[in-house]
Student: 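First the structure, which I've put down as structure tokens, then a few questions once you've had a look.
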Amino acid sequence: SPWAQEPVRHALLKPASKRPFNAEPPIGLLAEKFYTPNEMFYVRNHLPVPVLVPEEYELEIDTSGGEQGGQLLTLTLAQIKALPRHTVTAAIMCGGNRRSEMTHIKAVKGLSWGAGAVGNAKWSGARLCDVLREQGVQPNESMHVIFEGADLDPTSHPYGASIPLSKALDPRGDVLLAYEMNDEPLTRDHGYPIRVIVPGVVGARNVKWLTRIMVADHESDSHWQQNDYKGFSPSTDWDTVDFSKAEAIQAMPVTSAICTPLPGERVKVDPQGGYITVRGYAWSGGGRKILRVDLTGDEGKTWHVAELEQEDSPDGRHYGWSLWTARLPIPEEQQQRRKAGGSGELEIWAKAVDSAYNVQPEKFEHIWNLRGVLANAYHKVKVKLA
Ligand code: MTE
Ligand code: MO
């Protein structure tokens, strides 16, 4: 069985599917640490986890499709580790993160992810731009870099994806051939021994168990590049959809989520101040820094700005997530109702603003799409006041 050699996983990872293994951590724990612990980092596998022996590992780099056709290069793990080491903090987010909320509008096809299909880590490895430049690859706005993994589908096709060559060659793009995650060797689930990290770009392009890199004048022809991970109009259905007409997702849109309190939780109100404490994460693709996270407890009549915890990296190259904490005052109306012995329900909304002043859309209705990707509407959580 191809499933006989699956790694052991942390008991707290809640599987959305077991074979292939897909799981997210409890969202209540996600905003506790700026760097997501490796064993708690969500796992998104499309296929069985391949078994790679480090001594036999080879990465093939074919730049002959580029403008200055390079020599075929094969790198061993030791050779990759001998290249200048570079470290970058980057969040990885699945294109289907928060899909389960979009489903409430209308059914979508895909794994039912909550808001935990994201994690933030410090990645270390060699820079892809250094390797490609050394091979003589010249910038070209219409070319792509194709990645293949060692995980094979039943017809022996590897998992594959591609990114624009301009992202791969940009030193500020920070694309890594990564061998470490939070100062530990990658675990098997996260791509041991080498995965590509493409900061600011949808999870699907961060190919694990990397075995092959090709510079080409076309995108990856893999299923996941061509017929998946694309956005569509809310009016596009399975009878009218034409995947060849939509762009593959690369940079992700701005989003945020409330991690605590959880939906339905009984929340203690601070007796003096009449507020509750709310915590979560926010992130935007393309290296755009989070500028602000706004919270409301009265459907947008009044907003309260959260305090941010984020890395001090420049905008355009700000690839890590931001954690935030807000003290949200309980609206007068709710306070009165509680005093009168009423129900004391409160709905909290969160929205983030990125450095381009992009802001999350209010509702899922207008961004619904049949694959349930790019689900970045306001995060709304209903709680009970204790
Ligand atoms: N790489 C390979 N080889 N096979 C895969 O199934 N899944 C992709 C990407 N890279 C995948 C892959 C998707 S869709 C996501 S969201 C991320 O890996 C998840 O990375 P993680 O499991 O380390 O969190
Ligand atoms: Mo994904």
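Nothing here was measured: the structure is a model prediction, and the numbers come from that model. Order of appearance sets the numbers: ligands from 1, and atoms from 1 within every ligand.
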Student: Nearest non-hydrogen contact with atom 16 (S) of ligand 1 belongs to which option: Tyr42, Phe21, Phe147?
Tutor: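 Selected option, by shortest heavy-atom distance: Tyr42.
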Student: Please report whether ligand 1 has a polar contact with His190, defined as an N or O pair separated by less than 3.5 Å (distance criterion only).
Tutor: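 By distance alone, the answer is yes.
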Student: Have Thr76 and Glu58 got a donor and an acceptor in their side chains that come within less than 3.5 Å?
Tutor: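 No donor-acceptor contact under 3.5 Å links the two side chains.
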Student: How close does the nearest protein non-hydrogen atom get to atom 13 (C) of ligand 1, and which residue and atom is it?
Tutor: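 The closest heavy atom on the protein side is Ala204 CA, 3.7 Å.
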Student: Between the side chains of Asp151 and Lys208, is the shortest nitrogen-to-carboxylate-oxygen separation below 4.0 Å, so that they form an ion pair?
Tutor: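 So Lys208 does not pair with Asp151 through a salt bridge.
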Student: Go through the side-chain N and O atoms of Asn376 and Thr255 and say whether any donor and acceptor fall under 3.5 Å apart.
Tutor: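 On atom types as modelled, these side chains do not qualify, holding no pair under 3.5 Å.
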Student: Which ligand 1 atoms are under 4.0 Å away from a heavy-atom of Val207?
Tutor: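 Answer for ligand 1: 1 (N), 3 (N), 10 (N).
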Student: Can you see whether Phe147 has Arg205 sitting over its ring - NZ or CZ less than 6.0 Å from the centre and within 45° of the normal?
Tutor: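 Geometry flag: not set, cation outside 6.0 Å or 45°.
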Student: Are Lys363 and Trp368 in a cation-pi setup, meaning NZ or CZ lies under 6.0 angstrom from the ring centre and within 45 degrees of the ring axis?
Tutor: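 Here Lys363 fails the 6.0 Å and 45° test against Trp368.
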Student: Out of curiosity, does Val373 fall in the hydrophobic cluster containing Leu111 (side-chain heavy atoms, cut-off under 4.5 Å, transitive links)?
Tutor: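 No, separate clusters.
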Student: On a heavy-atom basis, I'd like to know which of His46, Arg205, Met181 is closest to atom 5 (C) of ligand 1.
Tutor: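 Nearest heavy atom to atom 5 (C) of ligand 1 lies in His46.
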Student: Tell me, which protein residue and heavy-atom name are nearest atom 9 (C) of ligand 1, and how many Å apart are they?
Tutor: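 That would be Gly203 O, 3.3 Å.
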Student: Considering only non-hydrogen protein atoms, determine which one is nearest to atom 4 (N) of ligand 1 and report residue, atom name and distance to 0.1 Å.
Tutor: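 Answer, as residue, atom name and distance: Asp151 OD2, 2.6 Å.
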Student: Could you tell me whether the side chain of Ile92 reaches within less than 4.5 Å of the side chain of Trp123, counting heavy atoms only?
Tutor: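 The answer is yes; the side chains approach within 4.5 Å.
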Student: Arg195 near ligand 1, heavy-atom distance under 4.0 Å?
Tutor: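 Flag set, Arg195 near ligand 1.
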Student: Distance under 4.0 Å to a non-hydrogen atom of Asn45: what atoms of ligand 1 satisfy this?
Tutor: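 Answer for ligand 1: 6 (O).
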Student: With a 4.0 Å heavy-atom cut-off (strictly under), which part of Trp224 contacts ligand 1: side chain, backbone, both or neither?
Tutor: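 Looking at Trp224 and ligand 1, no heavy atom falls under 4.0 Å.
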Student: When the ring centroid of Trp224 is compared with that of Tyr159, is the distance short of 6.0 Å?
Tutor: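 For Trp224 and Tyr159, the ring centres are under 6.0 Å apart.
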Student: What protein heavy atom lies closest to atom 22 (O) of ligand 1? Include the residue and the distance to one decimal.
Tutor: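 Looking only at protein heavy atoms, the one closest to atom 22 (O) of ligand 1 is Lys208 NZ, 2.5 Å.
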